[in-house]
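Accompanying notes for the structure given below.
One is the number of the first residue; the rest follow in order along the sequence.
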Amino acid sequence: MKKFNRIWMWMAIAAASFSFTSCDDDDYWYDDYNHGGWGWNQGDWNNGSNGSQDDDLLLEAQTLTGDWRGSVMLSELAEDGQSRNNYSFNAEMTFYQAGDKVNSLSGNGVEVDYADDGSNESQTLKFTWYIDKNGDIYIRYNDTGATYVMDAGAKQYGFYLGDEKGRDVFYGYMIGTGKAKGDVMQIDLVRYDPSGARKKTRSAATDSVAPSFGKATGRAFMPHAIKKLPRR
């Protein structure tokens with residue numbers, strides 16, 4: 001698809017330089033996620049908070065709910081509108097279902113970012129989220145309104161949520177829309193228990209095959225990212 005070809009072009013250019021300029025406006029692949037209904041839909045959040053009867057989407061929401069931590073990379077469009085800055089840091093993300101209802105497809109969350117450069121810097125960000133009818137995950141940060149979509153149908157630049165070698169993992173691309181147009185985050189998270197107790201994965205807790213969501217087939221990482229906590 002045109003969308004994935006453009007993303008592949010961006011990755012190839014990023015490999016050559018920490019900050020780069022695209023050939024022309026037509027090469028900005030992220031424009032494809034700023035048209036055709038990819039932006040935040042408050043109606044979807046409201047409907048999701050009312051509950052759902054879709055077993056697959058409910059299982060995805062229930063799998064997403066909980067505590068995650070790991071590494072994050074952010075590639076953001078610089079002030080000149082063409083060059084990019086790439087950053088790496090660590091994060092913890094907690095997802096809550098709206099009203100603590102197990103049949104909710106939307107909710108709220110908290111993200112705590114930690115610098116990975118020895119500075120001990122951190123920041124706390126609150127967000128809201130929902131899963132749409134296609135299984136795409138939307139995350140909007142409260143303070144800035146910056147919205148990111150995780151494309152359930154994309155293999156190279158989508159996400160994976162589920163079991164991997166006996167543990168729950170959540171990795172893939174968060175693609176900026178609206179106010180976050182041009183920004184891309186890559187997350188690589190594992191489920192954990194904040195209390196310090198050993199966390200049981202879903203596959204270990206049941207005899208059935210652990211569910212998984214999203215079509216991403218592997219991890220890809222941004223080259224030339226500097227260890228720095230960007231203020232968002």
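Proximity of L64 to F170: side-chain heavy atoms (C-beta onward) are separated by under 4.5 Å at one or more points. Looking at heavy atoms from C-beta onward, F95 lies in side-chain contact with I139 at the 4.5 angstrom threshold. At least one side-chain heavy atom of Y87 sits under 4.5 Å from a side-chain heavy atom of I226. Under the 4.5 Å side-chain criterion, counting only non-hydrogen atoms from C-beta, L58 is in contact with Q62. With a 4.5 Å cut-off on side-chain heavy atoms, W45 and N108 count as touching. With a 4.5 Å cut-off on side-chain heavy atoms, M174 and I187 count as touching.
Listed here is the closest heavy atom pair of R140 and G145: CG-O, 3.6 Å.
Residues passing the side-chain contact (heavy atoms from CB on, under 4.5 Å) test with A216 are Y160, Y171, sequence neighbours excluded. For N47, the side-chain contact (heavy atoms from CB on, under 4.5 Å) partners two or more places apart in sequence, or in a different chain, are N50. Qualifying salt bridge (charged side-chain N to carboxylate O under 4.0 Å, His left out) partners for D56, counting only residues two or more places apart in sequence or in other chains: none. The side-chain contact (heavy atoms from CB on, under 4.5 Å) test applied to D113 returns F89, A91, E111, Q123, L125, L229, R232, not counting sequence neighbours. Take S122 and apply the side-chain contact (heavy atoms from CB on, under 4.5 Å) test, not counting sequence neighbours, and it matches Y114.
Screening residues 126-137 for side-chain hydrogen bond (donor to acceptor under 3.5 Å, both in side chains) gives no qualifying pairs among residues at least two apart or on separate chains.
Within 6.0 Å of NZ on K215 lie no more than 12 heavy atoms contributed by other residues, nucleotides or ligands.
Using modelled atom types and a 3.5 Å distance limit, the side chains of S75 and N86 yield a donor-acceptor pair. For D80 and S83, the side-chain atoms include at least one donor-acceptor pair closer than 3.5 Å.
Between Y148 and Y173, the distance separating the two ring centers is not shorter than 6.0 angstrom.
For the side-chain hydrogen bond (donor to acceptor under 3.5 Å, both in side chains) criterion with R191, the lone passing option out of T63, D168, D67 is D168.
Under 4.0 Å is where a charged nitrogen must lie from a carboxylate oxygen, and between D117 and K227 no such pair does.
Between the side chain of Q97 and the main chain of S104, a donor-acceptor pair closer than 3.5 Å is present.
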